Amino acid sequence: MPTTVRTRVAVVGAGPAGLVLSQLLADAGIESIVVDSRSRSEIESTIRAGILEQNTVDLLRAIDPGTRVDTVGHRHDGIELRFGDEAHRIDFPALVGRSVWLYPQHEVLKDLLALRLGAGQDLRFGVTVAGVDEGDPEHPAVVGTDAQGEAVRIEADFVVGADGSRSAVRATVTGSRSGGYFREYPFAWFGILCEAPPSAQELIYSNSEQGFALISQRSPEVQRMYFQCDPDADATAPSEAEIWDTLQARVPGTTLHEGRIIQRDVLRFRSFVAHELRRGRVALVGDAAHTVPPTGAKGMNLAIADVVLLAEALRALLAEGARDERLIDSYAERALDRIWKAQHFSWWMTSMLHVAPDATDFDRRRQLGELRSVVESEAGRTYLAEAYTGWPARA
Ligand code: DHB
């Protein structure tokens, strides 16, 4: 017999989405249990993207007095787009009055875990979820095994899948683990962390003849950089010298500060949106509901935007004396509005900046025409700035 526990909301996944959701629910007086298959140290050391939209930063400041986004993070007021031998700065505050913050996801997670554990959140690591039992549709149950290998059953009034792109909850909502709209890309990113001073003050997104490169930062001592590679590339294959030669060739005009490479990985990417985001009393948020290619760093921001909508809907449904179903009924539609805009933006940045393996001379020249029509037009720059810094929440 499994150990059975009861809660109001069972949240699968202690990433940014699951943790922010548990905080917003607690603020509304709604109890939750959060489970994750990983350990706390695994969660805190997973290297992901580093850019937070203005909306995300405003929310973190509002929910977490201890957030380090303003002390460890850095505000960025623009990015640089490079192509041909041109460099163009997109000035966010001048165009849209908003900014972004460079603050890596694992630092956000350290803050959020400290916040939730400090508040006494029931947060269980090492729990592998097998699925959701909907025997009683009003009280779905998360079933799985805990860190000791014992069967667990968490009965709730609502279940949320915030468990990433390989979600165990998704099948309950969509009818299959994969059911969704998706597209793949014929390239991936080779990512490095290196011990070196920053090579630029702001991010450089470079479309070069040899392919895309992104120069990002982490701290005064550690930098993050990426270059377009084959999806089947082996992260261990190139020497450090080969990696630096590749990166350097793709950002002509800037001399990169080189240093010891302390981490390397190949990020395969695809675009995905689940066919359904909610069924009955089970809903999906974040990567469980959708994934975007990394160009433009929308992933975590989109996850948090989903959570803001879902928390509002769960408050209406579950808070003392509430039982208002209107917001949960419109959750998917309202979330999809931003999700598809972000899907478009991420696809657009990706296709505009990468060189497809089968690109013809026509394709290359058209792409440079596209880049020029963005940077030379205030309307073009404004669209990029608006999407990159994040669309304001709908009133
Ligand atoms: C980073 C990642 C991105 O995908 C991006 O568009 C910008 C920055 C990063 O890891 O720093």
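If you read the sequence from its start, that first residue is 1, and numbering goes on from there. Because the structure is predicted, anything quoted here is derived from the model rather than measured. Just so you know, ligand 1 is whichever comes first in the structure, and atom 1 is the first atom listed for that ligand.
Residues Trp189 and His354 have side chains that bring a donor and an acceptor to within less than 3.5 angstrom of each other. At a cut-off of 3.5 Å, with distance as the only test, a side-chain donor of Ser167 or Asp163 sits close to an acceptor on the other residue.
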List the steps, then state whether ring pair (Phe, Tyr, Trp, His ring centres under 6.0 Å) holds for Tyr383 with Trp348.
-> CA-CA 12 Å; Tyr383 166 68; Trp348 176 66; 5.2 Å; yes
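Cation-pi check for Arg270 over Phe182 is met; the charged atom lies under 6.0 angstrom from the ring centroid and within 45 degrees of its normal.
Look at Met349 and you'll find every heavy atom at least 4.0 Å from all atoms of ligand 1.
Aromatic rings from Trp347 and Phe269 are positioned such that their centres are separated by 6.0 Å or more. Aromatic pair Tyr181/His275: centroids less than 6.0 angstrom apart. Between Phe92 and Tyr388, the ring center distance clears the sub-6.0 Å criterion.
The shortest N/O to N/O separation between Arg218 and ligand 1 falls below 3.5 Å. Residue contacts with ligand 1: Ala49 is placed with no nitrogen or oxygen under 3.5 Å of a nitrogen or oxygen of the ligand (distance criterion only). Of the polar atoms of Ser216, at least one N or O is found under 3.5 Å from an N or O of ligand 1, judged by distance alone. Close N/O approach between Gln217 and ligand 1 is not found [any backbone or side-chain N/O within under 3.5 Å]. The N/O atoms of Leu203, backbone and side chain alike, include none that comes under 3.5 Å of an N/O atom in ligand 1.
Heavy-atom proximity to Gly296, at under 4.0 Å, picks out these atoms of ligand 1: 6 (O). Atoms of ligand 1 found under 4.0 Å from any heavy atom of Ile51 (numbered from 1 in listed order, with element): 7 (C), 8 (C).
Residue contacts with ligand 1, taken as heavy atom pairs separated by less than 4.0 Å, do not involve Phe269 at all.
In this structure, the protein non-hydrogen atom closest to atom 10 (O) of ligand 1 is Tyr226 OH, 2.5 Å. Ranking the protein heavy atoms by distance from atom 4 (O) of ligand 1 puts Pro294 O, 2.6 Å first. Residue, atom and distance of the protein heavy atom nearest to atom 7 (C) of ligand 1 are Tyr205 OH, 3.2 Å.
Here the closest heavy-atom approach between residue Phe272 and residue Gln343 is recorded as O-NE2, 3.1 Å.
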